[in-house]
Amino acid sequence: MKHSAVTPLKLIISGPVGAGKTTFVSTLSEDPVVNSDEQTTEEIGKTHTTVALDFGRFVLQGRPLHLFGTPGQSRFDFMWEILSEGALGLLLLVAGDRPADFPQALSILRFITSRNPMPFIIAVTRQDSKGAWGPEKIAGYFAVPTTRVIGIDARNAQSSLGAVTCLLSLIEGSTSGNSRNPFHSTSHSTSNSNVKEST
Amino acid sequence: MSKQEQIQVVLAGLNAAVPEIKGSLLASLDGMPIAYALKVGTVDPARIAAMTATALSVGKRTSESLGAGTLQEVHFAGTEGRIFVYTVAGRAALTVVTPMDTNVGLIGLEARDMVNKLLAII
Ligand SMILES: Nc1nc2c(ncn2[C@@H]2O[C@H](COP(=O)(O)OP(=O)(O)OP(=O)(O)O)[C@@H](O)[C@H]2O)c(=O)[nH]1
Ligand SMILES: [Mg+2]
């Protein structure tokens, strides 16, 4: 029987289509990722899309981390809900060069944190792309402190690890009572109307 | 007749062959509805298509991980009914909804027959 002595930390990785969730989980996972990408039948700028989840894990400073990547498309919103159960933190990935997807990112953020309030970090991918929004501008768009937003390349392990580290320190801060999650205090209803209007 | 119409005819044929079938739906593996014949009015085909794609995907990985080979079908049994999801040559998913007390063997036979008909179309 295999079992680990320390309870693993569950983190959820979400965000719009093509933000880099599957890439991110694959980059960081020590085991081969349980991935559920299927060939797309729509024009979404890539050949495959996640229909269930990405599951990857790795150990950081002796602590096992479990990463659960979600699908990005709204028709899979039931997976956002299922995968966020019991998660200790959310990493919202947003492609900096796809402003058209920002409303969808905001919908996902609200969808998840209104049902399962948890600390979150926004990681902006594709910083190498011309005209990509940087972390500060993204912080303005999402109306969150700049400390909550980090620019990354999901294909790069060091860079991706930076986002995880950032989220972990936020989680540690919030468990000792310092959480200032703007989405906790506001009264977002449990309706998913905000998700629908973006599709 | 368009492909879509031909598929619609096959699904209607399945529902007619086994009248207790509450509905059938063909979806792409990325969870988009292709065609459906649903008697239950309240269900949203788009959501069913997404959910069956997810179920099939999880079933596929589970089947492979536990040494059950290539996934062919997934069954759900609830207190009120059953749901069968069949793979259509790894290209689409056929979902069939039945009452609880259905003849499972008969559904299997009819559905396999439909899968072959659908294969000829798609
Ligand atoms: N240039 C560049 N490409 C990146 C970066 N991060 C990720 N990518 C690429 O962007 C694409 C992201 O695809 P996925 O990882 O499948 O995206 P996803 O978020 O899982 O998408 P869905 O599952 O469809 O919702 C991949 O081709 C990555 O190689 C980055 O920082 N710069
Ligand atoms: Mg993905």
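In what follows, chains are A, B, ... by sequence order, proteins preceding strands, each numbered from 1.
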Looking at B/G31, is its backbone amide N or carbonyl O close enough to the side chain of A/R75 to form a donor-acceptor pair, meaning the two atoms are under 3.5 Å apart? yes
Backbone N/O of A/V51 and side chain of B/T54: donor-acceptor pair under 3.5 Å: yes
Is [X] linked to [Y] within one hydrophobic cluster, defined over Ile, Leu, Val, Met, Phe, Trp and Tyr using a side-chain heavy-atom separation of less than 4.5 Å?
X: B/V9; Y: B/L94; value: no
X: B/Y36; Y: B/L26; value: no
X: A/W80; Y: A/V17; value: no
X: B/L106; Y: B/Y86; value: yes
X: B/I83; Y: B/L56; value: yes

Report which part of A/Q73 has an atom under 4.5 Å of a heavy atom belonging to chain B: side chain, backbone, both, or neither. neither
Could you look at A/N35 and say if it's the side chain, the backbone, both or neither that has a heavy atom under 4.5 Å from chain B? both
Do the charged groups of A/E38 and B/K60 touch, with an N to O distance under 4.0 Å? yes
Answer yes or no: does atom NZ of B/K3 have more than 12 heavy-atom neighbours from other residues, nucleotides or ligands under 6.0 Å? no
Counting heavy atoms not belonging to A/E136, are there more than 12 under 6.0 Å from its CD? no
Just how far is it from atom [atom1] of [X] to atom [atom2] of [Y], taken to the nearest 0.5 Å?
X: B/R91; Y: A/T41; atom1: CZ; atom2: OG1; answer: 13.0 Å
X: B/S57; Y: A/L53; atom1: OG; atom2: CG; answer: 7.5 Å
X: B/M51; Y: A/F76; atom1: CE; atom2: CZ; answer: 10.5 Å

Between B/D30 and A/T40, a side-chain donor and acceptor under 3.5 Å: no
